[in-house]
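Okay, structure first, notes after.
To find a chain, count down the sequence lines: A is the first, B the second, and so on, and within it residues start at 1.
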There are 2 protein chains.
Amino acid sequence: MTKITGDQALVKKINRSIILETIRRHAPVSRAKVSELTGLNKATVSNLVQELATHHLLQEIGPGESSGGRKPQLLLFNGQAGYAVGVELRVNQMTGVLTDLEGNIAAEADDSLAEHDVESVTQRMIAMIKELMQQAPPSPYGIIGIGVGVPGMVDGNGTVLFAPNLGWDMVPLQQRLEEELGLPVTIDNEANAGAQGELRFGAGQDARHLLYISAGSGIGSGIIINGELYKGARGYAGESGHMSIEADGKACSCGNRGCWELYASEKSYDDKGDRLPARRTSALIRHAEEGHAETIRHFQELGRYLGIGITNLVNGFNPQSVIIGGPLSDARAWIGDTLKQVVAERTLPYHKELMEIHFAELGSRSTMIGAAYSAISQFLGPVRVSVPAT
Amino acid sequence: MTKITGDQALVKKINRSIILETIRRHAPVSRAKVSELTGLNKATVSNLVQELATHHLLQEIGPGESSGGRKPQLLLFNGQAGYAVGVELRVNQMTGVLTDLEGNIAAEADDSLAEHDVESVTQRMIAMIKELMQQAPPSPYGIIGIGVGVPGMVDGNGTVLFAPNLGWDMVPLQQRLEEELGLPVTIDNEANAGAQGELRFGAGQDARHLLYISAGSGIGSGIIINGELYKGARGYAGESGHMSIEADGKACSCGNRGCWELYASEKSYDDKGDRLPARRTSALIRHAEEGHAETIRHFQELGRYLGIGITNLVNGFNPQSVIIGGPLSDARAWIGDTLKQVVAERTLPYHKELMEIHFAELGSRSTMIGAAYSAISQFLGPVRVSVPAT
DNA sequence: ATTACTTTGTTTAACCAATAGACAAAGTCC
DNA sequence: GGACTTTGTCTATTGGTTAAACAAAGTAAT
């Protein structure tokens, strides 16, 4: 825990952050308007804007319409002041993006993975990152950092503690990548990264409290509280896939019984033996589109179980909105209705009114973009101040 | 949302809060030590200490032991600068305490409730509060506020939205009490208040992320994140009792099925028909003490279900510690072992290492004291600043 | 065109909290 | 008694925000 006290540097940091954020959200906007929106003095805004502009984080794009007086000089956040790389590591595949500071994708790359040994995966990841870095347009800051989303639990030092699907155990990925690349690296759980992606650039931009459910080969969740990712005491909050929804149900490899993800993720395909015509979600979606009854029935059942688990989380968390991402969100047409109906039926009355359920807006890119945002966030250095009641 | 910007007043507020908190935690302590602990300059500490002392919030209690130089002047938080009233409203009973600013109990009161109509309960509550207020010793600030914990959902304005066991619906309790008493009033869910009580004055004083489970006629939970109560988007987070642990289990009055509290609260007694010798926890504990086999077996089963639900919450939240309170915590001798064993078996491997399960230290007073703390907290005006990574 | 009024953004002087460092006070230890 | 430590205060400085004056650049009506 950093020892943090109040001094003028902190004040400046806070105000700079407020101004940058205000301009990002209301762009294009004048200094006068920023002053009005934030409550900061005009002089303060002018000073900090100038400072931010000399650091290339803001741009003046010329005069706007007059409202009966001098024309305003409009300001824009300079999203192209630097670029970040975001990588998502999956079981069979690795995908990456190069984004600007506003999450716009400038380049993409992917690579299939046959083997999962730490060394070869790390090598290929480094190669992919370098490839993406080379595609960055010239900019004042260049590559400002790298974010990686992995399917497993990650501690505060960016060490992958446990990634069952990769067979990884205690892999100091952040340290390794930082040594090789000489840039700041952040490692996050895949669902946590996805939550950040949707929060900042996707379906959750207005939410302070958000729940992101990543449904795929398992289920993970990313919890956003007060606009910030909640990681828990040791960094591994969000393992909601191992919430038991059948107290004495099927045994799970985790040691628990009746885990949610046994019923509401791709793991549910295993129980159906040969009754399902395929084992991969993409293939099953095609069968569903062709009207295969058993497949459609299975998706509905899966949607029902998803709804049961989401209900549990909603009753506990009272989030503003729930966003469903991950590979299974591609089957939204087949699971969405049942899911929403189950949540509506089972959730406590008061939640119904003001809670929204969405599917991921960034689609399969939520995690990559969210991972990139972790790097951006570190670079821009957000500051949050809360004064609970006055 | 308050428009908050950085200025010198904020800086001062932050530092004053830091100093007060430091002295509260390390008392008795010298100015020099506070400076060292907080990183603030000695002069800053001296100035703010003087200001706080003239406001009667600090006291100098004379010199301490020298460590090879001038003797330190030891400082104490003046817990008797004011008093707060905390009330817990239960189904059959209403209890209240008068506490000083450190949560020490100065007076207690209770009243049994036969009827639950809003008017008579409110009247009796006001009478009890006034009675407690009169017992407050003379102090610089007198009664600084009143906190109430209720068995139901509460919104941000202190309106009781829904309290099934009281038959209450949309009762603007805070408004009513403030009008009658002319003092700041905070209304909280019973579990939320309990969580705050244990966090500040009980078993959770070192935790930043804490989960409080209140098990009684139902199950509620209070979630502490980053040292602050998390209330959710609309103020009713923590309804974990209605987490389904049997997807197609018993129907619950809430509309859901297989709700945790049907299996792990006093509601579980109803299923046992005549096999249990009593219907009240206090009576059952006596029977268990006398060796009644069926009762003991039931408590074990209840403990097992408690463990199953706690496992779910722990996997999702990754709290530092879990505290179990409410009437059922009196049966800790009969449910504790099973509970802890179930959690150890079913929780994800990494949680086991660093998570603690405790029973409430304040016993049946957690909620009252926590409610009082809500008032104290408002009075002292805590400020939290976070700078996520530098 | 001229004048009055608006709006935007900058400049100036004042303010104020934290700070470093000097210093005074009060102690220890040899 | 002298050298050294520790505690707490005092003083001058720093560096941020701010209010208010001001300059710049526009509109609108006469």
Side-chain angles (χ1 to χ4, degrees), chain A residues 3-20 22-23 26 28-54 58-76 383 385, chain B residues 3-20 22-23 26-54 58-76 383 385 387:
Chain A
K3 211 175 275 181
I4 183 171
T5 61
D7 61 4
Q8 306 209 76
L10 175 72
V11 168
K12 195 170 180 182
K13 214 160 150 185
I14 291 171
N15 290 340
R16 198 187 320 151
S17 182
I18 290 174
I19 288 174
L20 203 56
T22 305
I23 293 174
H26 297 84
V29 66
S30 69
R31 289 165 178 81
K33 185 84 192 198
V34 171
S35 167
E36 188 189 320
L37 284 167
T38 58
L40 288 165
N41 188 278
K42 288 190 297 175
T44 309
V45 173
S46 268
N47 285 333
L48 292 177
V49 161
Q50 190 179 20
E51 193 180 310
L52 287 165
T54 63
L58 290 181
Q59 267 182 325
E60 215 167 54
I61 55 159
E65 288 289 292
S66 162
S67 63
R70 175 174 166 180
K71 284 183 182 171
Q73 288 294 319
L74 296 183
L75 299 167
L76 233 50
V383 180
V385 181
Chain B
K3 210 176 274 178
I4 183 167
T5 61
D7 61 4
Q8 304 207 80
L10 175 71
V11 168
K12 200 170 179 180
K13 211 160 153 186
I14 290 171
N15 289 340
R16 197 185 323 149
S17 182
I18 290 174
I19 288 173
L20 201 57
T22 305
I23 292 174
H26 297 86
V29 66
S30 68
R31 291 165 177 80
K33 185 86 191 193
V34 171
S35 166
E36 189 189 319
L37 284 168
T38 59
L40 288 165
N41 188 279
K42 288 189 296 175
T44 307
V45 173
S46 268
N47 285 332
L48 291 178
V49 161
Q50 191 178 18
E51 194 181 308
L52 287 164
T54 62
L58 290 181
Q59 266 182 325
E60 214 168 55
I61 55 159
E65 289 288 291
S66 161
S67 63
R70 175 175 165 179
K71 284 184 182 170
Q73 287 296 318
L74 296 183
L75 299 167
L76 232 50
V383 180
V385 182
V387 183

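When each of Gln50(A), Glu36(A), Glu60(A) is checked for a side-chain hydrogen bond (donor to acceptor under 3.5 Å, both in side chains) with Arg31(A), only Glu60(A) meets the rule.
If you take NZ of Lys33(A) and C1' of dG9(C), they are 16 Å apart, rounded to a whole angstrom. Rounded to whole angstrom, the span from the CD atom of Gln8(B) across to the P atom of dT14(D) amounts to 16 Å. For Glu65(B) and dT28(C), the CD to P distance is 9 Å, given to the nearest whole Å. Distance, Lys13(B) NZ to dA17(C) P: 14 Å, rounded to whole Å. In this structure, the NZ atom of Lys12(B) is 9 Å from the C1' atom of dC16(C), given to the nearest Å. The CD-C1' distance, from Glu36(A) to dG9(C), rounds to 15 Å in whole Å. The distance between atom CD of Gln50(B) and atom P of dA17(C), rounded to the nearest whole Å, is 14 Å. Atom CG in Leu40(A) sits about 11 Å away from atom P in dA19(D), given to the nearest Å.
Residue Ser66(A) comes nearest to Lys71(A) through the heavy atom pair CB-CG, 3.9 Å, listed as atom of the first residue, atom of the second, then distance.
Here Thr44(A) lies in heavy-atom contact (under 4.0 Å) with a base. Contact annotation for Ala32(B): backbone-only contact, meaning every heavy-atom pair under 4.0 Å involves sugar-phosphate atoms and none involves a base.
Considering only side-chain N and O atoms, Ser46(B) lies under 4.0 angstrom from the phosphate OP1 or OP2 of dT9(D). In terms of phosphate contacts, Asn15(A) brings a side-chain nitrogen or oxygen within less than 4.0 Å of OP1 or OP2 of dT17(D).
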Pair Val34(A)-Ile19(A), side-chain contact (heavy atoms from CB on, under 4.5 Å): steps then yes or no = CA-CA 7 Å; Val34(A) 171; Ile19(A) 288 174; 4.3 Å; yes

Worked verdict on Lys12(A) versus Leu48(A) for side-chain contact (heavy atoms from CB on, under 4.5 Å) = CA-CA 8 Å; Lys12(A) 195 170 180 182; Leu48(A) 292 177; 3.8 Å; yes

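Side-chain proximity of Arg31(A) to dT9(D), dA17(C), dG9(C): nearest is dG9(C).
Between atom CD1 of residue Ile14(A) and atom CG of residue Leu40(A) there is a gap of 10.5 Å, rounded to the nearest 0.5 Å. Here the straight-line distance linking atom CG of Asn15(B) with atom OG1 of Thr22(B) works out to 10.0 Å at 0.5 Å rounding.
Of the possible donor and acceptor atoms, none in the side chain of Ser30(A) sits under 3.5 Å from a partner among the backbone N and O of Leu74(A).
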In B/S/- notation (B base, S sugar-phosphate only, - none; protein heavy atoms under 4.0 Å), nucleotides 21-29 of chain D written 5' to 3' is --BBBBS--

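In terms of polar N and O atoms assigned as donor or acceptor, the side chain of Asn41(B) never comes within less than 3.5 Å of the base of dA18(C) in a complementary pairing.
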